[in-house]
There are 2 protein chains.
Amino acid sequence: MKAKITLKDIARELEVSISTVSKALKNSEEISRDTKEKVQAFAKLYNYKPNNIAISLKNKRTKNIGVVIPDIVHHFFTTVIRGIEKYANAKGYNVIVCLSEESFDKEVINMEMLANGSIDGFIMSLSSETQRKGDYNHLKEVTEQGIPVVLFDRITQEVECDKVVIDDELGAYQATKKFIDQGKKKIALITTDDYLSVSKERTNGYLKALQESALGVNEDLMLKMDSMEMDEQAIKDFLNEQEPDAVLCVNEIFAVYSMRLVQEKGLKIPEDIAFIGFTDGVLSKYANPSLTVVAQHGEKMGEVSAQMLIDKIESEAEEETYQTKILEPTLVIRDSIAH
Amino acid sequence: MKAKITLKDIARELEVSISTVSKALKNSEEISRDTKEKVQAFAKLYNYKPNNIAISLKNKRTKNIGVVIPDIVHHFFTTVIRGIEKYANAKGYNVIVCLSEESFDKEVINMEMLANGSIDGFIMSLSSETQRKGDYNHLKEVTEQGIPVVLFDRITQEVECDKVVIDDELGAYQATKKFIDQGKKKIALITTDDYLSVSKERTNGYLKALQESALGVNEDLMLKMDSMEMDEQAIKDFLNEQEPDAVLCVNEIFAVYSMRLVQEKGLKIPEDIAFIGFTDGVLSKYANPSLTVVAQHGEKMGEVSAQMLIDKIESEAEEETYQTKILEPTLVIRDSIAH
DNA sequence: GAATAATACGAAAACGTTTTAGTGTTGACA
DNA sequence: TGTCAACACTAAAACGTTTTCGTATTATTC
């Protein structure tokens, strides 16, 4: 086991000062060619690598980004992480991932843990509990300390920071409109409670499309689930009672599960009943029939978030201007609707 | 914007020394009750939190774990991360996630980046390229520096370190045996090339079960895909030519895709042809029919890995004893086989 | 030959902690 | 009154860097 070598070790070995070693390794003009060559050769031989922690302490820059998300076993979030990781890594940053598991307390603890010097900035998506409580003091504290924050997807207007979302309302609007254009008459919505910012937006888009149409809104055709968990019985009852001919679901799982239910009843997809979900994950692609979805472009979202964050981190300026980037959703047409 | 307060600030404000402040905050016996109360009150008022970086530099402990995996948009790996995160977080550790994207070079770069002080240990699963090349020098260098490493799932015997795997051979053996017991005669295997340690193990289990049975091995019934990518045409051709009555796939995607293919041909699952896959992900659960799988218990694997790593990190002893933990796979029975 | 400039290097502070080894003051005891 | 211990605190080193400022030596100029 050979321990890491430090500047001090090199200095002692070569009988020069630490400053000389440091400068020599940086190819400073101050140091003679002879000394530089000697030091660099020695450093290379012993595989010297500067200690990141020491540099962080000196520079007050860690080159770490904290990512706090509610859940990682979720296709959308993993694609976002991938996008963040890609961009961040190319810029020499590491990504520290923390999971809030939809819990307010965990979100707070994780942020506090990271905010004490471990990271240069946060990228996060709010836990459902946080959105329900509407308590954003942990975010405000962090921004007040001058730590940049980028919120994505599950955001709030109550915190001043950069934000990245897709136009969820537009996505739901386009999907609903698609159903209307295809002559569907009983267009249902399966969603979660409105405290989730995204669910609310999506519901709005659904409502808007229906209001603009001849169909109008029928509250009975809207199923609001209490939590993110699948309540299989609730969906079953809902579909049996309402017998819609089209269903918009706020995620893939609701959609795929619903498809199986109606298929068991002998209905044909998309002739008898059509489906559109949100999130372009593996489920949608490999479902039978494959599911038409509103793609959220998670990877792009991650990249944009990382870019905004790193720009803020690296900009010397203390401008307090924040922007919200709105990405366009795309309808990915598959076999769960006519085409 | 209020900047973070340091020990020095408190010391100056209260006209005591930095050491006194440090000790007072630690409730040291050396400090008088008066002073302790004064310091602690002040610290609380100004929300003092020690700087993690400074502590890391002092202690030579970062309380960070580096996780290097090939891919994050993959259910198995995300469950492992969740397991790691859960355990690590409970122990006060943060998780830095790096993606090798199945690339040897990225794996090396990521490890080098983290090995210079950023983390206390690694948990990793090898990239396919690394396994193909068989070059593990980056791992050896790290272990030689005394940085503990835990390999999981995609491992190698060429590096001395702790390891966690599931018994892939046993899983495949049990699955194949299940088919045999159910009277299947033409049992096919769809796998990837053998350089992936897990594929090899699974193939062995499949072969072993067949050899022990009256059926024996038929090489034609084995399809080896070149890469992890789905080659849809290859699978289509294979199924058409061989017409198996049972198929074991090394992942969910191969299985779900295959199921759709045979359903389009009018075959009934599981009567005409049965399927078992690996990885208990969302796809298996929501596929139609739902897919029987060999569950890999990713979350458990993550927890065990994190536990082994943190034990090593925190054990003072310099024992050079390494263990390999083998987790038992479980067959999760669903509708893609008779039951 | 003296003043100046250029060269090559080192000392020391700084980042924010922790911790060891003092140090000065007080009170008790013989 | 001198010794010793207890108490409450401080100085300083250490972790591994970077960087500013200072300085000794040599070279250049008039």
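Keep in mind that the numbers below use all heavy atoms, side chains included, and drop hydrogens, waters and symmetry copies. Protein chains get the first letters and strands the later ones, always in sequence-line order, with residue 1 at the start of each.
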A/Ile18 CD1 to C/dA11 P: how many Å, rounded? 10 Å
Are A/Glu102 and A/Arg154 ion-paired here, with the side-chain N under 4.0 Å from a carboxylate O? yes
Can you see which heavy atom on B/Ile72 is nearest to which on A/Arg82, and at what distance? CG2-CB, 4.2 Å
Taking all non-hydrogen atoms of both residues, which atom of A/Glu314 and which atom of A/Tyr93 are closest, and how far apart? OE2-OH, 2.9 Å
Rounded to whole angstrom units, what separation is found between the NZ atom of A/Lys60 and the P atom of D/dT18? 17 Å
Would you mind reading off the distance between B/Ile55 atom CD1 and C/dT17 atom C1', rounded to a whole angstrom? 6 Å
Any idea which of C/dG16, D/dC9, D/dT17 is nearest the B/Asn51 side chain? C/dG16
Ignoring hydrogens and angles, are the base of D/dA11 and the side chain of B/Ser17 linked by a donor-acceptor pair under 3.5 Å? no
With a 4.0 Å cut-off on heavy atoms, is A/Thr6 in touch with a base, just the backbone sugar-phosphate, or nothing at all? sugar-phosphate
Please classify the nucleic acid contact of A/Ser22 as base, sugar-phosphate, or nothing, using heavy-atom distances under 4.0 Å. base
Counting any heavy atom closer than 4.0 Å, what does B/Ser56 reach on the DNA or RNA strands: base, sugar-phosphate only, or nothing? nothing
Whole-Å distance separating the CG atom of B/Leu25 from the C1' atom of C/dT19: 15 Å
Assign A/Lys23 to base, sugar-phosphate, or nothing according to its heavy-atom contacts below 4.0 angstrom with the strands shown. base
In whole angstrom, what separates B/Ile31's CD1 from D/dA6's P? 18 Å
Check whether the side chain of B/Lys58 and the base of C/dT17 form a donor-acceptor pair under 3.5 Å. no
d(NZ, B/Lys36; P, D/dC9) in whole Å: 10 Å
Backbone N or O of A/Leu139 within a donor-acceptor pair of the A/Thr143 side chain at under 3.5 Å? yes
Roughly how many Å is it from CG in A/Asn52 to C1' in D/dC15, rounded to a whole number? 14 Å
Looking at D/dC9, I'd like to know if its phosphate oxygens (OP1 or OP2) sit under 4.0 Å from a side-chain N or O belonging to B/Thr35. yes
Closest-nucleotide 5' rank along DNA chain D - winner of A/Leu7 and A/Glu30: A/Leu7
Are A/Lys8 and D/dC15 close enough that a side-chain N or O sits under 4.0 Å from OP1 or OP2? yes
Hey, is the side chain of A/Lys4 poking within less than 4.0 Å of OP1 or OP2 on D/dG16, counting only N and O atoms? no
Might you point out which heavy atoms bring B/Val95 and B/Ala88 nearest each other, and give the distance in Å? CG2-CB, 4.0 Å
Touch check for B/Ser32, heavy atoms < 4.0 angstrom, all strands: base, sugar-phosphate only, or nothing? sugar-phosphate
